[in-house]
Amino acid sequence: VVSWTALLTAYAQNGHFTEAKSLFLEMPERNTVSCNAMLAAYAANGDMASSRALFNDMHGERDAVTWSTMITGYARNGDVREARKIFDAQPKCQCDVTAWNAMISGYGLCGDVDAATSLFAEMTTRDAVTWNSMLAAYAQNGHILAAKALFDSMPYKSLVSWTSLLVAYAESGHIDEARLMFDAMPRRDVVARNAMLSAYSQAGYIADARQLFDDMPVRSTVTWNAMIAGYGQNGLGGDAILLFQQMDVEGIPTDDITFVSVLDVCGSVAELQLGEIVHREVEAIGIEIGVTLGNALVTMYGRCGVLDLARQLFDGMPERD
RNA sequence: GCCCAUGUCGCUGUCUG
């Protein structure tokens, strides 16, 4: 069961929902852990109805993970009310911090900062994630002052806390504050550096962004994506394209967002030829063209004036939003 | 008794703009 479940999760986390599902159905044996994994897989695929059906079947087989998986599933699929119902339906003796944390995050996600705050206040046992979840709820909903106040009162600050606040400053246009946070951080990882890189480019400080990029000891796909998007957003489409090509040369793994960013640049500077090359590359690599990539391709062709191709792609999309 | 599978917090993107 352990290896079947591990495989199921691997499929689900790489977007192979169909394979995950048939694996689940073919498993010789299922337990709470494998059912929990499938609950999460359904939720990641937006299928809360199936998730709920399985949850209902799990009656005596539910554990703490089951409950928090359902809470997160509903929250991420835009149904906080149902998430809260699940939260309230938990056996009361089950004081699982993770479920509380998930519920706070759910409220943060849907913008209900007040509900997050009161839940946070009710908690008697908080862990590091609890504090960070509350911080994120403030930070991601524009409550910068509240975020800062909470940050200052936090018993333990992790990289997550620092980065959350840094991003909140950057996105509200307080680049100097963001930079102060970055400089004051006790240590920095690749996520923190990526956040600062984006902060620079959002503020138009593209040279600082590039400097940071060059100085980074470790770069992730997100780093490259952020730099490419930064060039694009600052009107430096040529540099964006160069960087994309360098990614290829250096064998850096790409993802959907890489292609979306590059296609966006192609569209904005009407680089039809490169857009077509990227399109072919996407197909060559065999990435599935889902809504995200499909939208980017349609937009790119549209901006380049190739409306018939844009329309053809649109018609061929298996899913649209 | 211990180890291996599942859940909660921070970074990048397209349309609407």
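Here is the naming used below: chain letters follow the sequence lines, and residue numbers restart at 1 for every chain. Everything numeric here is computed off the predicted structure, so don't read it as measured data.
- Taking the six-membered ring for Trp and the full ring otherwise, the centers of Trp224(A) and Phe244(A) sit at least 6.0 Å from each other.
- Closest to the Thr9(A) side chain, of the nucleotides A5(B), C9(B), U12(B), is A5(B).
- Between Gln140(A) and C9(B), a side-chain N or O to OP1/OP2 separation shorter than 4.0 Å is absent.
- If you check G7(B), A5(B), U6(B) against the side chain of Ala37(A), the one that comes closest is U6(B).
- One atom, CG of Asp264(A), and another, P of U14(B), lie 5 Å apart when rounded to the nearest Å.
- Dashed line: the shortest gap from a side-chain N or O of Arg320(A) to OP1 or OP2 of C15(B) is not under 4.0 Å.
- Distance Met227(A) CE to C11(B) P: 19 Å, rounded to the nearest Å.
- Ranking G7(B), A5(B), U12(B) by closeness to the Val33(A) side chain, first place goes to A5(B).
- When rounded to the nearest whole Å, the span between CH2 of Trp131(A) and C1' of U8(B) equals 17 Å.
- Residue contacts for Ile104(A): at a heavy-atom cut-off of 4.0 Å it reaches no nucleic acid atom on any strand shown.
- The side chain of Asn225(A) lies closest to U12(B), out of U12(B), G7(B), U14(B).
- Contact check for Met70(A) versus Phe87(A): no side-chain heavy atoms found under the 4.5 Å cut-off.
- The side chain of Thr299(A) lies closest to C15(B), out of U8(B), U6(B), C15(B).
- Asn295(A) comes within 4.0 angstrom of a base, heavy atoms only.
- Among the protein residues, Val167(A) comes within range of the sugar-phosphate backbone only, with heavy atoms under 4.0 Å from sugar or phosphate atoms but none that close to a base.
- As judged by a 4.0 angstrom heavy-atom cut-off over every strand, Thr69(A) is placed among residues touching the sugar-phosphate backbone only.
- In the set C9(B), U12(B), C11(B), C11(B) carries the atom at the smallest distance from any side-chain atom of Asn194(A).
- As judged by a 4.0 angstrom heavy-atom cut-off over every strand, Arg30(A) is placed among residues making no nucleic acid contact.
- Regarding contacts with the backbone of C15(B), a side-chain N or O of Arg303(A) is found under 4.0 angstrom from either OP1 or OP2.
- Atom CE of Met196(A) and atom P of G10(B) are 19 Å apart (whole Å).
- Relative ring orientation between His174(A) and Tyr169(A) is described as perpendicular, the plane-to-plane angle rising above 60° on a 0-90° scale split at 30° and 60°.
- Residue contacts shown for Thr98(A) include a base, since a base heavy atom lies under 4.0 Å away.
- Across the protein-nucleic acid pair, Ile71(A) atom CD1 and U8(B) atom C1' stand 9 Å apart, rounded to whole Å.
- Among the nucleotides C9(B), G10(B), A5(B), the one closest to any side-chain atom of Ser133(A) is C9(B).
- With distances taken from any side-chain atom of Ala64(A) to the nucleotides G7(B), U8(B), G10(B), the minimum falls on G7(B).
- Taking 3.5 Å as the limit, the base of G7(B) and the side chain of Asn101(A) contain no donor-acceptor pair of atoms between them.
- You'll find that the side chain of Ser105(A) is closest to C9(B), out of C9(B), A5(B), C11(B).
- At the heavy-atom level, Asp321(A) lies nowhere under 4.0 Å from the strands shown.
- When ring centroids are compared, Phe24(A) and Trp4(A) stay outside the 6.0 Å threshold.
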Audit row: Phe120(A), Trp131(A), ring-ring contact (aromatic ring centres under 6.0 Å, His included) steps and yes/no: CA-CA 8 Å; Phe120(A) 179 79; Trp131(A) 286 91; 5.2 Å; yes
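- When rounded to the nearest whole Å, the span between CG of Asp96(A) and P of U6(B) equals 16 Å.
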Side-chain donor-acceptor pairs of residues 268-282 of chain A under 3.5 Å, sequence neighbours excluded:
residue: Ser268(A); atom: OG; partner: Asp264(A); partner atom: O; Å: 3.2
residue: Ser268(A); atom: OG; partner: Val265(A); partner atom: O; Å: 2.9
residue: His279(A); atom: ND1; partner: Tyr301(A); partner atom: OH; Å: 2.8
residue: His279(A); atom: NE2; partner: Glu283(A); partner atom: OE2; Å: 3.4

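- Under the salt bridge (Lys or Arg N to Asp or Glu O under 4.0 Å) criterion, Asp214(A) pairs with Arg210(A), not counting sequence neighbours.
- In terms of polar N and O atoms assigned as donor or acceptor, the side chain of Ser68(A) comes within less than 3.5 Å of the base of G7(B) in a complementary pairing.
- Residue Arg62(A) places none of its side-chain N or O atoms closer than 4.0 Å to OP1 or OP2 of G7(B).
- Looking at heavy-atom distances under 4.0 Å, Asp256(A) makes no contact with the nucleic acid at all.
- What separates CH2 of Trp224(A) from P of U12(B) is a distance of 19 Å, to the nearest Å.
- Atom CG in Leu293(A) sits roughly 18 Å away from atom P in U12(B) (whole-Å rounding).
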